[in-house]
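Whatever order the structure lists ligands and atoms in, that order sets their numbers, starting from 1.
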Amino acid sequence: MALIVQKYGGTSVGSLDLIRQVAARVIERKQEGNDVVVVLSAMAGETDRLLNLAREMMPRPDPREVDVLISTGEQVSVALFCLACRSMGVEARSLLGFQARIFTDHLYGKARITDIDTSMLRDYLDRGRIVAVAGFQGLDERGNITTLGRGGSDTTAVALAAGLKADSCEIYTDVDGVYTTDPNICPRARKMERISYEEMLEMASLGAKVMDIRSVEFAAKYGVTIHVRHARLASPGTIITQEDKSMEDRIVSGVAYSKNEARITITKVPDKPGMAARILTPLSEAGIVVDMIIQNTSAGGSEDLTDFTFTVPKTDLEQAMKVVSEVARDIGAEKVLGDENIAKVSLIGIGMRNHAGVATKMFNALAKEGINIRMISTSEIKISCVITDKYTELAVRALHDAFELEKL
Ligand code: ADP
Ligand code: ASP
Ligand code: MG
């Protein structure tokens with residue numbers, strides 16, 4: 001008998017009929033003699049709908065109340081799932097984050113799981129029940145409901161698998177595994193049989209939303225092997241696990257893209273020590289994460305002035321512009337420009353560690369399509385370029401072709 005944790009995403013529980021189908025699949029695994037814990041997301045579109053309601057009520061809604069609101073999406077799913085099981089004559093018990101004793105820090109909207117007390121869950125499993133846990137939510141030390149950030153149900157599943165020392169952790173979604181790039185925008189994308197934690201982490205943090213970043217971090221830390229599969233098809237899926245020899249052969253294993261960033265440029269910043277810190281400190285104090293940074297001689301040509309450019313999450317642009325405009329005034333910079341129409345395309349591969357020339361090939365592939373590169377950043381296993389967002393799909397396909405990722 002195995003203990004299995006399964007997670008079903010929003011599109012897989014998007015209607016009563018789909019929830020019934022999930023219940024039937026789960027019951028099948030249960031009747032094979034396994035213990036099953038199911039983590040569910042909100043029904044497709046529900047979290048967005050709830051967020052919009054909050055924003056309609058006030059433009060910058062209170063984060064605590066937003067978490068109370070958006071956690072209800074998952075509550076609906078687990079309740080309906082348990083009703084579906086019962087309608088099929090099988091006992092199932094729903095647990096919200098706090099009932100499953102998933103404890104987090106107090107950062108509303110992006111809380112981190114700090115601890116899980118699995119005793120209650122085990123108790124229900126011992127009594128032969130299927131347990132359905134609401135994904136994406138937890139409880140902070142003061143008893144407030146928190147949520148784990150968009151896509152956070154993946155993290156709930158992996159954390160529960162780690163806490164319960166489950167035999168398998170299966171993430172069911174609307175694609176049948178992790179592909180070389182988003183199969184919904186690149187028809188030549190190829191499904192990978194296996195991918196290392198490290199590459200998956202980069203793919204996720206550079207925009208491949210098939211897995212939530214935190215879930216992969218958790219899996220790597222606790223050695224949880226993740227199996228990504230299609231919610232309705234029987235195909236074998238992708239295994240996310242430790243790096244092995246076979247993975248090193250690939251120089252580039254995937255292309256990711258993100259349209260969730262925006263760019264801010266401060267022009268004519270006095271070029272003297274301490275300026276970068278003056279600009280960036282208030283942003284980090286406001287909880288805004290800065291990603292790429294470039295500083296170069298001002299377009300005006302003066303040697304003692306620089307233009308300072310960086311990217312922030314699009315959702316933080318408005319606040320970042322406010323913060324930065326104040327600093328710019330204080331330091332006597334010329335003006336602050338915000339640009340939402342950017343995208344980041346990235347190449348990822350552990351094989352890049354030992355291969356030169358990947359960057360040049362990437363830049364050439366983009367140039368061939370007439371796509372201008374506006375910012376570049378590299379690390380040991382990835383290269384990212386910021387481009388104009390309308391070229392995203394073209395860039396992804398061009399890079400996929402240039403590196404022949406459709407071939408094994
Ligand atoms: P769920 O609702 O099940 O959590 P998500 O929408 O969060 O599903 O993630 C699945 C989606 O991730 C796919 O529909 C696909 O468009 C997107 N995606 C982006 N990059 C990749 C990739 N490299 N491989 C597979 N899917 C990807
Ligand atoms: N419902 C949440 C979201 O849409 C969490 C999840 O689906 O994983 O982001
Ligand atoms: Mg998801």
Distance col, row Met200:CE vs Ser215:OG, nearest 0.5 angstrom, shows 8.0 Å
Starting from atom 25 (C) of ligand 1, find the nearest protein heavy-atom neighbour and note its residue, name and distance. Gly177 O, 3.4 Å
Heavy-atom contact under 4.0 Å between Lys7 and ligand 1? yes
Suppose we measure from atom 7 (O) of ligand 1 to each protein heavy atom; which comes out shortest, and what is that distance? Lys209 O, 3.4 Å
Looking only at the side chains, is there a donor atom on one of Ser168 and Glu170 sitting less than 3.5 Å from an acceptor on the other? yes
Decide salt bridge (Lys or Arg N to Asp or Glu O under 4.0 Å) for Asp212 and Lys7; before the verdict, give the C-alpha distance in whole Å, the side-chain angles of both, and the deciding distance to 0.1 Å. CA-CA 12 Å; Asp212 179 34; Lys7 176 254 168 177; over 6 Å; no
Rounded distance [0.5 Å steps], CG in Leu80 versus SG in Cys85: 11.0 Å
Under a 4.0 angstrom heavy-atom cut-off, which atoms of ligand 1 come close to Asp174? 10 (C), 11 (C), 13 (C), 14 (O)
Mark up the atoms of ligand 1 that fall under 4.0 Å of a heavy atom belonging to Asn184, in ascending order. 13 (C), 14 (O), 15 (C), 16 (O)
Near Thr181, which atoms of ligand 1 are under 4.0 Å from a heavy atom of that residue? 22 (C), 23 (N)
Nearest heavy-atom approach of Ala111 to Arg214 is O-NH1, 3.0 Å
Which residue supplies the protein heavy atom nearest to atom 27 (C) of ligand 1, what is that atom called, and how far is it? Val210 CB, 3.6 Å
With no hydrogens and no angle check, is any side-chain donor or acceptor of Ser12 less than 3.5 Å from a backbone partner on Tyr8? no
So which protein heavy atom does atom 15 (C) of ligand 1 come closest to, and at what separation? Asp182 OD1, 3.2 Å
For Glu74 against Gly135, the heavy-atom pair lying closest together: CG-O, 3.1 Å
Is it true that Gly10 lies under 4.0 Å from ligand 1, counting heavy atoms only? yes
In terms of atom number and element, which parts of ligand 1 are under 4.0 angstrom from non-hydrogen atoms of Pro183? 24 (N), 25 (C), 26 (N), 27 (C)
Between ligand 1 and Ala231, can you find any atom pair, the residue atom being a heavy atom, that is separated by under 4.0 Å? no
Give the atom numbers and elements of ligand 1 that come within less than 4.0 Å of a heavy atom of Tyr179. 22 (C), 23 (N), 24 (N), 25 (C)
At less than 4.0 angstrom from any non-hydrogen atom of Val178, what atoms of ligand 1 do you find? 24 (N)
Closest non-hydrogen atom pair between Gly254 and Met203, with its separation: CA-SD, 3.9 Å
Can you list the ligand 1 atoms lying under 4.0 Å from a non-hydrogen atom of Met203? 23 (N)
Do the side chain of Thr104 and the main chain of Ile113 share a donor and acceptor less than 3.5 angstrom apart? no
Scan for salt bridge (Lys or Arg N to Asp or Glu O under 4.0 Å) pairs involving residues 14-24, sequence neighbours excluded, and state none if there are none. Asp17-Arg20
What heavy-atom pair brings Ile116 and Ala100 nearest, and what distance separates the two atoms? CG2-O, 4.1 Å
Please find the pair of heavy atoms, one from Ser384 and one from Met292, that lie closest to each other, and give the distance. CB-CE, 3.5 Å
Donor-acceptor pair, Asp167 side chain versus Leu3 backbone, under 3.5 Å? yes
Taking N or O atoms only and a 3.5 Å limit, does Ala208 qualify as a polar contact for ligand 1? no
Under 3.5 Å between some N or O of ligand 1 and some N or O of Ser12? no
Would you verify whether the NZ or CZ of Lys344 falls within 45 degrees of the ring axis of Tyr257 while also being under 6.0 Å from that six-membered ring's centre? no
N or O contact, Thr173 vs ligand 1, cut-off under 3.5 Å: yes
I'd like the residue list for ligand 2, meaning every protein residue with a non-hydrogen atom under 4.0 Å from the ligand. Ser41, Ala42, Thr47, Glu74, Phe136, Arg150, Gly151, Gly152, Ser153
